[in-house]
Amino acid sequence: MVCAPNDTSLDIKIPAVMLPKTAGASFQKRLKEGAAVGVVIYSPDRPLVDIAEVFLWLMAVGTILCASFWSAWSAREACNEYCKSLKDDPDAFVIEEDSGDKGVVDISTTSAILFVVIASCFLILIYKFMSEWFLELLVVIFCIGGVEGLQTCLVALLSRWFTRARRLYVHIPFCGAVSSLTLAVLPFCITFAVVWAVYRRISFAWIGQDILGITLIITVLQIVRLPNVKVSTVLLGCAFLYDIFWVFVSPELFHESVMIVVARGDRSGEDGIPMLLKIPRLYDPWGGYSIIGFGDILLPGLLIAFALRYDWAAKKTLQGGYFLWSMIGYGFGLFITYVALNLMDGNGQPALLYIVPCTLGTVITLGWLRGELSNLWSKGEPQMPCPHIGHKVGT
């Protein structure tokens with residue numbers, strides 16, 4: 001068939017068939033083997049909602065629940081130890097009052113803005129250099145973080161039962177004192193991550209990826225904290241704009257959605273980057289995975305963990321606090337994300353577009369209605385001083 005260069009009325013009818021990647025590989029293999037191949041073409045209907053999205057929703061909500069309670073419990077224990085130390089030695093107040101929780105990093109307004117800027121640069125870097133070798137580098141980085149997350153969660157869990165072992169430390173050159181529990185679980189964590197990295201292309205490797213990802217998210221939510229609603233607003237506000245820009249606006253500059261291309265892992269030869277939680281679509285004839293990015297869990301999780309710490313410190317009831325309503329807001333926002341995803345026929349959606357108003361908006365609105373917004377905004381702690389501090393002031 002020959003088409004003239006200036007021909008504007010072309011009647012070209014060439015059937016095009018889209019195959020899943022696994023089916024195409026099987027088809028190519030059988031052709032190379034010289035086997036007889038028969039193809040039946042049909043157009044299956046996709047289910048309105050795949051059960052994988054329900055499990056992914058439960059996974060995201062459960063991860064934030066676990067991380068929030070761990071963060072609040074750690075903060076309560078640190079507060080109790082601090083008050084006990086003041087009771088034993090009231091003169092230590094001047095030295096200890098600004099020391100803060102050990103091993104905890106409070107995000108500042110500047111670092112919140114820098115985080116989004118660095119995340120944008122990293123996203124562009126992945127987009128420009130996405131290839132098989134670059135994906136291998138991302139896998140190595142993910143495994144390092146996954147090992148740290150899995151080890152931290154296992155040590156925290158086992159220390160509840162093995163109380164004597166958690167007090168035993170071994171001095172290691174260049175590392176200092178290391179917990180015996182850490183040394184016991186570290187080989188298992190490294191083996192788990194290495195096995196996943198080697199066999200990550202098999203059909204059920206998503207289980208290992210999700211385990212490493214969830215433990216990493218929980219660990220980060222335990223270490224990194226938001227000090228007040230002001231910083232929360234800056235961080236989530238910037239992340240809100242970040243998500244919208246790289247999903248909806250970036251096609252105007254790059255001719256394709258940078259966020260969606262990176263999430264799918266185009267040009268990498270694999271089904272997406274490892275910094276995702278994913279579950280295979282169980283009833284979708286086209287196969288594939290339902291996915292959610294770490295940031296869609298981690299960033300709202302920081303606010304929800306802050307809300308639970310505040311509720312416990314202020315001795316609020318479940319209904320009278322902020323945690324329950326922000327948690328419901330997150331679940332509803334994520335649900336709206338999946339509704340929009342299905343209404344848009346599977347086109348990628350910026351989850352934070354729906355989650356941020358439902359979580360941050362809920363906390364700010366409740367704080368304003370209860371007259372506590374000023375304290376939440378600036379201090380982030382209830383006006384409840386330690387009784388030992390009051391005793392010291394009165395003497």
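All of these numbers come straight from a predicted model, not from anything done at the bench.
Ile364 approaches Leu373 most closely through the heavy-atom pair O-CD1, 4.0 Å. Listed here is the closest heavy atom pair of Phe306 and Val229: CE2-CG2, 3.8 Å.
For the atom pair OG (Ser290) and CG (Leu341), the distance works out to 7.5 Å, reported to the nearest 0.5 Å. In this structure, Glu381 CD and Asn228 CG are separated by 9.5 Å, a value rounded to the nearest 0.5 Å.
Trp73 meets the side chain to side chain donor-acceptor pair (under 3.5 Å) test with Glu77; sequence neighbours excluded. Trp133 meets the side chain to side chain donor-acceptor pair (under 3.5 Å) test with Ser131; sequence neighbours excluded. Residues meeting the side chain to side chain donor-acceptor pair (under 3.5 Å) test with Gln28, sequence neighbours left out: none. Under the side chain to side chain contact (heavy atoms under 4.5 Å, CB included) criterion, Ala197 pairs with Val139, Cys143, not counting sequence neighbours. For Trp196, the ring-ring contact (aromatic ring centres under 6.0 Å, His included) criterion is met by Phe142, not counting sequence neighbours. For Ser26, there are no side chain to side chain donor-acceptor pair (under 3.5 Å) partners two or more places apart in sequence or in a different chain.
Under the 3.5 Å distance criterion, the side-chain polar atoms of Arg309 are left unmatched by any main-chain donor or acceptor of Ala72. With Ser68 contributing its side chain and Leu65 its backbone, the two residues share no donor-acceptor pair below 3.5 Å. Of the possible polar contacts, one joining the Thr191 side chain to the Pro187 backbone as a donor-acceptor pair under 3.5 Å is found. Between the Asp243 side chain and the Leu352 main chain, a donor and an acceptor come within less than 3.5 Å of each other. Of the possible polar contacts, one joining the Thr359 side chain to the Ile355 backbone as a donor-acceptor pair under 3.5 Å is found.
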Open item on the list: Walk me through whether Glu256 and Tyr127 qualify under side chain to side chain contact (heavy atoms under 4.5 Å, CB included).
Closed with: CA-CA 11 Å; Glu256 57 186 350; Tyr127 174 73; 2.6 Å; yes
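Sorted by first then second residue, the salt bridge (Lys or Arg N to Asp or Glu O under 4.0 Å) pairs that include residues 136-148, not counting sequence neighbours, are Glu136-Arg200, Glu136-Arg201. Pairs passing the side chain to side chain donor-acceptor pair (under 3.5 Å) check and including a residue from residues 204-224, sequence neighbours excluded, read Ser74-Gln222. The salt bridge (Lys or Arg N to Asp or Glu O under 4.0 Å) analysis of residues 352-376, with sequence neighbours excluded, yields the pairs Lys316-Glu372.
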Just list the side-chain donor-acceptor pairs under 3.5 Å for residues 245-252, sequence neighbours left out, or say none.
{"residue": "Trp246", "atom": "NE1", "partner": "Ser120", "partner atom": "OG", "Å": "3.3"}
{"residue": "Ser250", "atom": "OG", "partner": "Trp246", "partner atom": "O", "Å": "2.7"}
{"residue": "Ser250", "atom": "OG", "partner": "Val258", "partner atom": "N", "Å": "3.1"}

Ignoring hydrogens and angles, write down the donor-acceptor pairs under 3.5 Å from the side chains of residues 324-340, residues two or more places apart or on other chains.
{"residue": "Trp325", "atom": "NE1", "partner": "Gln319", "partner atom": "O", "Å": "2.9"}
{"residue": "Ser326", "atom": "OG", "partner": "Tyr322", "partner atom": "O", "Å": "2.9"}
{"residue": "Ser326", "atom": "OG", "partner": "Phe323", "partner atom": "O", "Å": "2.9"}
{"residue": "Tyr330", "atom": "OH", "partner": "Asp296", "partner atom": "O", "Å": "3.1"}
{"residue": "Thr337", "atom": "OG1", "partner": "Gly333", "partner atom": "O", "Å": "2.9"}

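Residue Phe192 qualifies as enclosed at atom CZ: its count of foreign heavy atoms under 6.0 Å is above 12. When the shell of 6.0 Å around CZ of Phe129 is examined, it contains 12 or fewer heavy atoms from other residues, nucleotides or ligands.
Residue Leu114 belongs to no hydrophobic cluster, having no ILVMFWY side-chain heavy atom closer than 4.5 Å to its own.
Side-chain contact between Phe294 and Thr63 is absent, with no heavy atoms from C-beta onward closer than 4.5 Å.
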